[in-house]
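Data first, discussion second: the structure below is written as C-alpha cells.
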Amino acid sequence: MENPVIKSTDGFEALSPDLNRKVVHLNDLMVTVIEFSNGPMEQPDPPHKHPHEQITYVASGSLKLFVEDEEFTLNEGDVFKIASNLNHCIQTLTENVKLIDSFAPIREDFL
C-alpha cells in the first residue's frame, strides 16, 4: 500500500520561481495545493477553462476571481466553485496566496 500521508513539505513542484504546486490524488479524487508568491499581480492570469469541476478553498491571502463576466473578491477562509467549462482566472491581491483546489474527475494534465 502506498503511504497515505503527505507531509506539509513533501511533494511540491516548482512551476516557476513564484509558483509551487503539490498534487495528491486517488483514482477519482484530486486535491492540489498551489502557492503564489508573486503578488500582488498587476493583471489577472489569462482566462482558462477545463472540463473538470473545481472547488477551491482560499487557505491564505486575498485575490480577485473572474468567472465568465463576473468578478469576486476573496479572502482567507473563502471558498469558490467552478462548474465544468466556464472561463475563469485569478489575480492575487497580496504577496502570498495559497489555494487548496479539488477537481473531479482528476486532472490527468497535472500528473
Side-chain angles (χ1 to χ4, degrees):
M1 177 173 135
E2 186 177 334
N3 186 351
V5 175
I6 295 88
K7 301 299 272 181
S8 64
T9 56
D10 293 344
F12 274 98
E13 170 189 11
L15 301 177
S16 75
D18 302 315
L19 185 63
N20 294 308
R21 180 176 65 198
K22 179 188 300 199
V23 176
V24 180
H25 69 92
L26 295 166
N27 291 332
D28 301 313
L29 177 64
M30 173 177 274
V31 173
T32 67
V33 180
I34 189 156
E35 297 177 333
F36 298 86
S37 59
N38 61 343
M41 293 176 175
E42 290 184 23
Q43 297 291 323
D45 283 337
H48 68 280
K49 63 182 176 179
H50 43 73
H52 314 85
E53 295 181 318
Q54 175 180 348
I55 296 176
T56 299
Y57 173 75
V58 181
S60 65
S62 297
L63 60 106
K64 285 185 182 177
L65 169 69
F66 301 89
V67 181
E68 295 291 334
D69 296 328
E70 296 186 87
E71 177 181 323
F72 307 90
T73 300
L74 300 163
N75 298 296
E76 183 175 325
D78 291 340
V79 177
F80 64 88
K81 57 186 177 178
I82 307 292
S84 180
N85 292 313
L86 291 180
N87 279 311
H88 61 284
C89 64
I90 67 161
Q91 178 179 6
T92 60
L93 300 176
T94 54
E95 181 179 355
N96 297 296
V97 172
K98 182 187 282 190
L99 303 177
I100 313 298
D101 294 323
S102 300
F103 294 102
I106 66 169
R107 293 198 52 170
E108 298 286 341
D109 58 321
F110 282 12
L111 302 179

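Values reported hereafter were calculated over all heavy atoms of this structure, with side chains retained and with hydrogens, waters and symmetry mates removed.
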Residue pairs fulfilling ring-ring contact (aromatic ring centres under 6.0 Å, His included) with at least one residue in residues 89-111, sequence neighbours excluded: His50-Phe103, Phe103-Phe110
All pairs passing salt bridge (charged side-chain N to carboxylate O under 4.0 Å, His left out) where [range] contributes a residue, at least two apart:
range	result
residues 40-68	Lys64-Glu71
residues 73-100	Glu35-Lys98
residues 8-30	Glu13-Arg21

Between CD1 on residue Ile55 and CD1 on residue Ile100, distance to nearest 0.5 Å: 13.5 Å
Rounded distance [0.5 Å steps], OG1 in Thr32 versus NE2 in His25: 12.0 Å
side-chain hydrogen bond (donor to acceptor under 3.5 Å, both in side chains) partners of Thr56, counting only residues at least two apart: Gln54, Asp101
Side-chain donor-acceptor pair present, Asn75, Ser62, cut-off under 3.5 Å: yes
Least distance between heavy atoms, Cys89 atom then Pro46 atom: CB-O, 3.8 Å
Nearest heavy-atom neighbours spanning Gly39 and Thr92: CA-OG1, 3.4 Å
4.5 Å side-chain heavy-atom contact, Phe66 and Asn87: no
Linked hydrophobic residues, Leu15 as query - side chain contacts closer than 4.5 Å: Leu19, Ile34, Phe36, Met41, Val58, Leu63, Leu65, Val67, Phe72, Leu74, Phe80, Ile82, Leu86, Ile90, Val97, Leu99
